[in-house]
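Report on the following structure.
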Amino acid sequence: MSTQDPAARELPGYELVHAGKVRELYAPGPDAPLPEGYAAEDVLLMVASDRISAYDHVLETPIADKGEVLTRMSLWWFDQLADLVPHHVLATEAPCVPEAVAGRAVLVKRLRMLPVECVARAHLTGGGLAEYQQSGSVSGVRLPEGLVDGSELPDPIFTPSTKAPAGEHDEPISYEEVRTLIGHPLARAARNLTVEILRRGHEIAAQRGIIVADTKVEFGLEGVDAERDLRTVTEEELASGAVRIVLADEVLTPDSSRFWPADGFEPGRQQASFDKQYVRDWLTSDASGWDKDSDTPPPALPDEVVAGTRAKYVEAYERLTGQSFR
């Protein structure tokens, strides 16, 4: 088990084109091996690091094996969701994936990404709970009175947000605002797919004793060039496949979702979890000495929090997939 972050190293034959909180995207050079039928400009190498973020900060302490857990879990979920939505993965192994990042990297289609964070909620907690307590609604969706932390919603809801630059906070937006950004056909398709992914994830996870409280997904488009106004995409193009929505980035991982153990679930309090809530809890505890509302970066994570977080991620992977991580 190593805490080294392979995603931060240089990859000969590849150019770093984007660095996010957790993942890097690399463009393959002219000599990089590619799947048959694809050119270098059609693909990207996506590498998941061991970094972890919380409260809009990337923490200085990595979580060992996290990038590999996220990659393997996403690949497993892509298979479970294949009948709902196509995904962006083209290759997972050498020669298309360099040995230096094997296990935590995939070669993916280059897509036109939707400029919206697509979130669905089956339970009320986190930022959604805070918004509900202020207004009685989440992202413009009116909810019943009397809900508490952890309450299961009558039906899953679509609660999108802005896609903020690194270091800034995603802000909730309404479905109507999404329609203004990308047009009605794409907005409706993104909403329906996001909710269906949560429903499918919840059904599968429930058989493993896990509640998927909420999830965030990202979608890209095939058949739309970089200059086109997304509001001009039509229902006919989506129905015919001339424009296709593709599931991208990661899906139903501890970074993008809240996973709660079903045994011991009790609305009205914060739930035990298999996600990075473990890190959030330590950062906001007296033990860390950090004020999340200050301009000071978070402190380094102690060894026991690193080990505990890794254990949570690995347990989520093994319980959901039925496969041993090592």
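Keep in mind that the numbers below use all heavy atoms, side chains included, and drop hydrogens, waters and symmetry copies.
Side chains of V43 and V108 form no contact here, defined as non-hydrogen atoms less than 4.5 Å apart. The side-chain heavy atoms of K276 and I52, taken from C-beta on, include a pair separated by under 4.5 Å. Under the 4.5 Å side-chain criterion, counting only non-hydrogen atoms from C-beta, P254 is in contact with L70. Taking 4.5 Å as the limit, every side-chain heavy atom of T125 sits out of range of all side-chain heavy atoms of Q271. Proximity of F219 to L247: side-chain heavy atoms (C-beta onward) are separated by under 4.5 Å at one or more points. Side-chain contact between D149 and L124 is absent, with no heavy atoms from C-beta onward closer than 4.5 Å.
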I would like to know whether L198 and V217 meet side chain to side chain contact (heavy atoms under 4.5 Å, CB included); could you show each step before the answer? CA-CA 9 Å; L198 176 62; V217 295; over 6 Å; no

List the steps and the verdict of side chain to side chain contact (heavy atoms under 4.5 Å, CB included) for E24 and H18. CA-CA 6 Å; E24 275 89 23; H18 176 75; over 6 Å; no

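Classification of E250 and K216 as a salt-bridged pair fails, no side-chain N sitting under 4.0 Å from a carboxylate O. Ion pair R112/E222 not flagged as a salt bridge, since none of the NZ, NE, NH1 or NH2 atoms sits closer than 4.0 Å to an Asp/Glu carboxylate oxygen. The existence of a salt bridge linking D65 and R310 is confirmed by a sub-4.0 Å separation between a basic side-chain nitrogen and an acidic carboxylate oxygen. E68 and R72 are joined by a salt bridge, as a carboxylate oxygen and a charged side-chain nitrogen come within less than 4.0 angstrom of each other. Between D42 and R110, none of the side-chain N atoms (NZ, or NE/NH1/NH2) sits under 4.0 Å from a carboxylate O, so this pair counts as no salt bridge. Ion pairing between a basic and an acidic side chain is recognised when a charged N comes within 4.0 Å of a carboxylate O; R199 and E196 show such pairing.
For R319 and F274, the positive end is not near the middle of the six-membered ring at less than 6.0 Å and at most 45° from its axis.
Taking CG of D31 as the reference point, atom OH of Y14 lies at 10.5 Å (rounded to 0.5 Å).
When all heavy atoms are compared, the tightest approach of V138 to I157 is CB-CD1, 4.4 Å. Residues T194 and C118 come closest through the heavy atom pair OG1-CB, 3.3 Å. Among all heavy-atom pairs drawn from H123 and I211, the shortest one is NE2-CG2, 3.5 Å. For the residue pair P299 and L283, the shortest heavy atom distance occurs at CD-CD2, 4.1 Å.
Checking each of I204, L320, V251 against Q80 for a side chain to side chain contact (heavy atoms under 4.5 Å, CB included) leaves exactly one that passes, namely I204.
Side chain of S240 to main chain of E237: a donor-acceptor pair is present (N/O by atom type, distance under 3.5 Å, no hydrogens or angles).
Residues forming a side chain to side chain donor-acceptor pair (under 3.5 Å) with D83 (at least two apart in sequence, or on another chain): R200.
For an aromatic pair to be called close, the ring centres must be under 6.0 Å apart, and W77 with H87 fails this.
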